[in-house]
Amino acid sequence: MNTRRAAWLWPGRLTIAFVLTLVVGLPTWAVSAGAAVNLTVAQAIANQSGTATVTGYVVGQPTATNTVIRSGFTGDTAIAIADTAGEQSTARMLYVQVTSAYRATFGLQSNPSLLGRAVTVTGTLTAYFTHAGLKNPTAMSLGGGGTPAPTPTPSAPGSPYDSTYYAGAIGKTGPQLRGALHNIIKVQTRISYATVWDALKQTDQDPANSANVILFYTGRSQSKTSNGGGVNDWNREHVWAQSHGDFGTAAGPGTDLHHLRPTDVSVNSTRGNKDFDNGGSPVAEAPGCYTDADSWEPRNAVKGDVARMIMYMAIRYEGSDGWPNLEINNSVSNGSAPYHGKLSVLLQWHAQDPPDAFEKRRNDVIYANWQNNRNPFIDHPEWATAIWN
């Protein structure tokens, strides 16, 4: 144990000298009478010395100083963690060494489902891959490990992305909010329709079984490998029906993961291109779903998901980048027009079924690993009524 004077640490900043007891493994500003401190990733990056416990979200596998991969993992020896699950900047990531004792559980090649999950790690704060890191872990666990010490820089209220990703939208409402959100979310990486298969296996993975996906309308957990065209296979459902604007499956709205979900093949066919509304006859293969000649009602657990996906599409595709101008209306007879209904019902579903952990994780995975854009109505549900009221 060493004692040092605070005036030495911050010369010229203090007029009264006092003594800090510096416990090995804790940054000087976090010391308090021997209490254990759980650090945020930002704090660990700023204090690369000693040992510490750090909590963060797994955001990928580091392969070089400024390179982190988010799919196609090549090894189990390292993970990158950050304070938000969708972090893109390697400067805000901590590279964590995964030693042999922890690789079976925390290696990303063996456990790709770890992406986006919170982990807590205890080890030595020191450079790894010539980058801020944590090496020689003595403990690794899923989830948070206590209350992180207060971060030195205040964060914006609401979404952790408010001061960065959504900076141009905060404080706006109505048409100004709509325009700001469009300009933000239109910046995205487009993927092919073939790539959608692999993406859905990650975005809709069953939290209780990493070999399965959750089928959207039925809620059934089904093997990832059973995708295809067979009667009981799963395929790619366009929640905003392709025919509502005739945008097909070329890279763009036809491949946008924010409205594509895995569904039972025959259930997908039964839904067809119907608009959304309440009522109809029960769908035998999809308990809780109802349908009639011109509308589809999903099960209660995903009603809000449907609403937020339709809202996303209406804001993302405004007719300015070669795709149709998609709009929400109160009709259930939209045919091939670039409209989808029924707005009044969708707003009810949005309020009835707020974003849950599965939907939030899905938004994070799409942002971090595939498209690099977000569904703002998951991050800020209140924006729906700020635009459509």
Side-chain angles (χ1 to χ4, degrees), residues 42 57 59 82-89 91-92 116 151 153-191 203 239-240 245 252-253 256-260 304-329 338-340 343-344 346-389:
Y57 293 92
V59 292
D83 284 327
T84 58
E87 184 58 69
Q88 295 287 296
S89 172
R92 291 188 289 272
T151 183
T153 54
S155 57
S159 165
Y161 300 99
D162 284 358
S163 62
T164 53
Y165 189 74
Y166 292 123
I170 301 301
K172 292 183 171 66
T173 189
Q176 290 74 32
L177 175 61
R178 180 177 186 136
L181 290 178
H182 171 70
N183 289 333
I184 292 166
I185 66 177
K186 74 178 181 180
V187 180
Q188 72 182 91
T189 299
R190 295 178 181 176
I191 65 173
T203 60
V239 176
W240 184 293
D256 197 312
L257 293 172
H258 283 296
H259 84 117
L260 282 160
D305 304 52
V306 167
R308 287 178 284 277
M309 286 186 280
I310 296 297
M311 291 171 185
Y312 163 88
M313 293 292 284
I315 297 300
R316 166 61 186 88
Y317 298 99
E318 296 279 27
S320 60
D321 51 2
W323 299 110
N325 180 11
L326 306 182
E327 296 291 346
I328 312 175
N329 64 12
Y339 305 120
H340 227 302
L343 176 59
S344 58
L346 292 170
L347 286 170
Q348 291 171 10
W349 292 353
H350 172 63
Q352 170 187 332
D353 173 37
D356 59 17
F358 188 94
E359 190 180 2
K360 291 176 182 178
R361 178 191 173 276
R362 190 176 194 275
N363 196 28
D364 287 339
V365 171
I366 293 172
Y367 175 65
N369 299 345
W370 300 99
Q371 293 185 183
N372 308 120
N373 73 337
R374 302 183 65 80
N375 182 332
F377 303 104
I378 297 173
D379 295 321
H380 278 278
E382 73 278 8
W383 281 344
T385 53
I387 294 174
W388 297 282
N389 51 36

message = Using side-chain heavy atoms (C-beta onward) and a distance below 4.5 Å, is His182 in contact with Ser320?
response = yes
message = To the nearest 0.5 Å, what is the distance between CD1 on Ile185 and CG on Leu181?
response = 6.5 Å
message = Can you tell me how far apart CD1 (Ile328) and CH2 (Trp388) are? Round to the nearest 0.5 Å.
response = 4.0 Å
note = Correct closest heavy-atom pair for Ala180 and Lys172 would be CB-CD, 3.9 Å
inquiry  = Is the shortest side-chain heavy-atom distance between Asn363 and His258 below 4.5 Å?
reply    = yes
ask   = Should Leu343 and Glu327 count as side-chain neighbours, where that means a heavy-atom distance under 4.5 Å?
value = no
ask   = Can you name the nearest heavy-atom pair linking Gly116 to Tyr57, along with the distance?
value = O-CD2, 3.4 Å
message = If you compare all heavy atoms of Pro324 against all heavy atoms of Gly245, which two are closest, and at what distance to 0.1 Å?
response = CG-O, 3.3 Å
query = Is there a donor-acceptor contact under 3.5 Å from the side chain of Glu87 to the main chain of Val59?
reply = no
ask   = Atom CD in Glu382, atom CD1 in Ile387: separation rounded to 0.5 Å?
value = 10.5 Å
message = Measuring only between side-chain heavy atoms, which start at C-beta, is Asn372 closer than 4.5 Å to Val187?
response = no
task = Return yes if some donor-acceptor pair links the side-chain N/O of Gln188 with the main-chain N/O of Arg190 below 3.5 Å, else return no.
result = no
message = Contact between Asp256 and Trp240 at the side-chain level, heavy atoms closer than 4.5 Å - yes or no?
response = no
request  = For a side-chain hydrogen bond (donor to acceptor under 3.5 Å, both in side chains) with Arg316, tell me which candidate from Asp321, Asn375, Asn373 qualifies.
outcome  = Asp321
key: Where Leu177 and Ala169 come nearest, the two heavy atoms and their spacing   = CD1-O, 3.7 Å
key: Interatomic spacing from OG1 in Thr189 to OH in Tyr367 - rounded to 0.5 Å   = 10.5 Å
message = Do Asp364 and Arg374 have side chains that approach each other closer than 4.5 Å (heavy atoms only, starting at C-beta)?
response = yes
task = Apply the side chain to side chain contact (heavy atoms under 4.5 Å, CB included) test between Met309 and each candidate in His259, Glu359, His340; give the one that qualifies.
result = His259
query = Name the one of Tyr161, Tyr165, Tyr166 that satisfies side chain to side chain contact (heavy atoms under 4.5 Å, CB included) with Pro376?
reply = Tyr166
ask   = Angle class for the Trp383/His380 ring planes (parallel below 30°, perpendicular above 60°, tilted otherwise)?
value = parallel
note = Of all heavy-atom pairs linking Trp349 and Ala307, the shortest is CB-CB, 4.5 Å
query = Rounded to the nearest 0.5 Å, what separation is found between the CG atom of Leu257 and the CG atom of Asn369?
reply = 10.5 Å
ask   = In Å, rounded to the nearest 0.5 Å, how long is the span from CD1 of Ile310 to CD1 of Ile315?
value = 12.5 Å
inquiry  = On the six-membered ring of Phe377, is Arg308 placed so that its NZ or CZ lies under 6.0 angstrom from the centre and within 45° of the ring axis?
reply    = no
ask   = Quick one: does Asp162's side chain have a donor or acceptor within less than 3.5 Å of a partner on Ser159's backbone?
value = yes
query = Which heavy atom of His350 sits nearest a heavy atom of Pro381, and at what distance?
reply = NE2-O, 2.8 Å
